[in-house]
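Down below is the structure, laid out as structure tokens.
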Amino acid sequence: MVRKQEQPGDFAARLVERRIVGTGRHGKHLFIHIVGDVTWVIHLGMSGRVGVGRVGDVRPPHTHVVVVLDDGNEIRLTDPRTFGHTEALAPEEVATASFSAHGPDAYTDPPAPSALADRLGHRTAPIKALLLDQTLLAGIGNIYADESLHRARLAPHRPAGALTRGEIERLLEAVATTLEAGLRAGGTTLADMAYLLPDGRSGEFITELAVYGRDGEPCPRCGAPIRRDVIRQRSSFWCASCQH
DNA sequence: ACCTCCCTGGCC
DNA sequence: GGCCAGGGAGGT
């Protein structure tokens with residue numbers, strides 16, 4: 001999981017005997033700030049988890065990175081698929097990291113409709129693809145993209161530049177309410193149980209999903225069958241009857 | 001806009 | 001055994 005660290009030895013060297021001074025998050029990147037201007041970056045990928053346990057206790061399977069604290073606890077990064085990654089960066093590395101080019105956080109710092117309209121203006125790509133583009137808006141993944149589009153009653157294939165001002169406002173409103181609902185429910189634990197809350201509980205947003213993973217089931221809004229299309233190599237679940 | 005790759009695991 | 005999976009980088 002430290003494969004993106006330019007000098008692999010830097011990961012431990014930059015953390016050992018250093019104090020944690022704060023935490024942060026932008027989009028899907030987690031930040032643990034370390035004394036000496038070091039940023040410990042964590043991205044969970046598709047199957048990663050951050051856990052805390054007691055030193056000496058049995059660790060979960062697929063625990064790849066362990067950082068022992070001075071209070072008897074240890075931070076564990078667990079990731080069966082290892083699409084996640086972590087690194088300890090110096091300020092100049094943070095400045096050039098890909099996440100530093102990401103757009104505003106979709107939850108804490110959503111753009112004004114006019115700002116998003118400017119950036120979508122001439123884009124011909126489907127709006128679904130651009131919702132997943134972290135350089136436009138950071139933090140939305142496949143589930144929340146599909147759920148947001150359903151709430152906004154927008155078809156995922158719509159060319160982004162052709163959205164009207166009203167539709168962009170609807171989309172931003174839908175993103176906000178979808179992310180709020182997702183967080184309130186503790187996130188989305190799917191059947192694979194890959195994502196769990198830090199204390200091991202499941203997130204319950206799966207019970208509120210309108211379209212994601214519901215291929216063939218009736219749309220909760222209009223009853224038409226939900227379909228699954230592939231857009232940019234990712235599954236897209238949507239209702240062709242009430243999303244236009 | 002497409003492709004491959006990074007990995008493991010569950011399901012059909 | 002093939003397909004699918006909450007993500008993203010890199011190449012053409």
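Each chain gets a letter, A, B and so on, in the order the sequences are listed, and its residues count up from 1. Atom set for the values below is all heavy atoms of this structure, side chains included, hydrogens, waters and symmetry mates excluded.
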Nearest-angstrom distance, P atom, B:dG9 to C:dG8: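 Between the two P atoms, the distance is 22 Å.
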- Query: Taking atom C1' in both B:dA1 and C:dA5, what distance in whole Å separates the two?
  - Reply: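 It comes out at 22 Å once rounded to the nearest Å.
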Taking the side chain of [X] as heavy atoms from C-beta outward, which of [options] is closest to it?
X	options	value
A:P126	B:dT8, B:dC7, B:dA1	B:dA1
A:Q134	B:dC2, C:dG8, B:dG9	C:dG8
A:T124	C:dA5, B:dG9, B:dA1	B:dA1

5′-ward residue of the pair A:A125/A:H62 relative to DNA chain B
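Closest to the 5' end, via its nearest nucleotide, is A:A125.
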For DNA chain B, whose closest nucleotide is more 5', that of A:R232 or that of A:P80?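 This one resolves to A:R232.
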When you measure from the side-chain N and O atoms of [X] to the phosphate of [N], is any distance below 4.0 Å, counting only OP1 and OP2?
X	N	value
A:K28	C:dG8	yes
A:S235	C:dC4	no
A:H85	C:dA9	no

Rounded to the nearest angstrom, tell me the gap between atom [atom1] in [X] and atom [atom2] in [N].
X	N	atom1	atom2	result
A:M1	B:dT8	CE	C1'	13 Å
A:R3	C:dG8	CZ	P	13 Å
A:M46	C:dG8	CE	P	10 Å
A:D79	B:dG9	CG	C1'	12 Å
A:D215	C:dC3	CG	P	17 Å
A:D229	B:dA1	CG	P	16 Å
A:R81	C:dC3	CZ	C1'	12 Å
A:Q233	B:dC3	CD	P	5 Å

Within the 4.0 Å heavy-atom criterion, would you say [X] contacts the bases, only the backbone, or no part of the nucleic acid?
X	value
A:H43	sugar-phosphate
A:A191	nothing
A:Y144	nothing
A:N142	sugar-phosphate
A:T188	base
A:S98	sugar-phosphate

Original post:
Is A:E92 atom CD crowded by more than 12 heavy atoms from other residues, nucleotides or ligands, each under 6.0 Å away?
Top reply: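 More than 12 heavy atoms, drawn from other residues, nucleotides or ligands, come within 6.0 Å of this atom.
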query: For atom CG of A:D37, is the number of surrounding heavy atoms from other residues, nucleotides or ligands below 6.0 Å larger than 12?
result: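 12 or below, so no.
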Original post:
So which heavy atom on A:V211 is nearest to which on A:Q243, and how close?
Top reply: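 Reported closest heavy-atom pair: CG1-OE1, 4.3 Å.
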### Query
Where is the tightest heavy-atom contact between A:A90 and A:R14, given as atom of each residue plus distance?
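That would be N-NH1, 3.5 Å.
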Exercise. Under a 4.5 Å cut-off applied to non-hydrogen side-chain atoms, are A:F237 and A:E147 in contact?
Worked result: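 No, every pair of side-chain atoms sits at 4.5 Å or beyond.
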(message) If you assign each of A:H29 and A:R228 to its closest nucleotide in DNA chain C, which residue comes earlier from the 5' end?
(response)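 Checking each residue's closest nucleotide, the 5'-ward one belongs to A:R228.
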- Query: Okay, side chain of A:R18, backbone of A:I34: is any donor-acceptor separation there less than 3.5 Å?
  - Reply: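 Looks like no, no N/O pair under 3.5 Å.
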How about A:F31 and A:F99: are their ring centres within less than 6.0 Å of each other?
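Ring centres of A:F99 and A:F31 closer than 6.0 Å.
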*Does the side-chain ring of A:F83 sit on the six-membered ring of the B:dC7 base, less than 5.5 Å centre to centre and under 30° in tilt?*
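By the stated criterion, A:F83 and B:dC7 do not stack.
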Exercise for the section: Give none if B:dA1 has no partner; otherwise give the nucleotide forming a Watson-Crick or G-U wobble pair with it, both distances under 3.5 Å. Expected result: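 C:dT12 is the nucleotide pairing with B:dA1.
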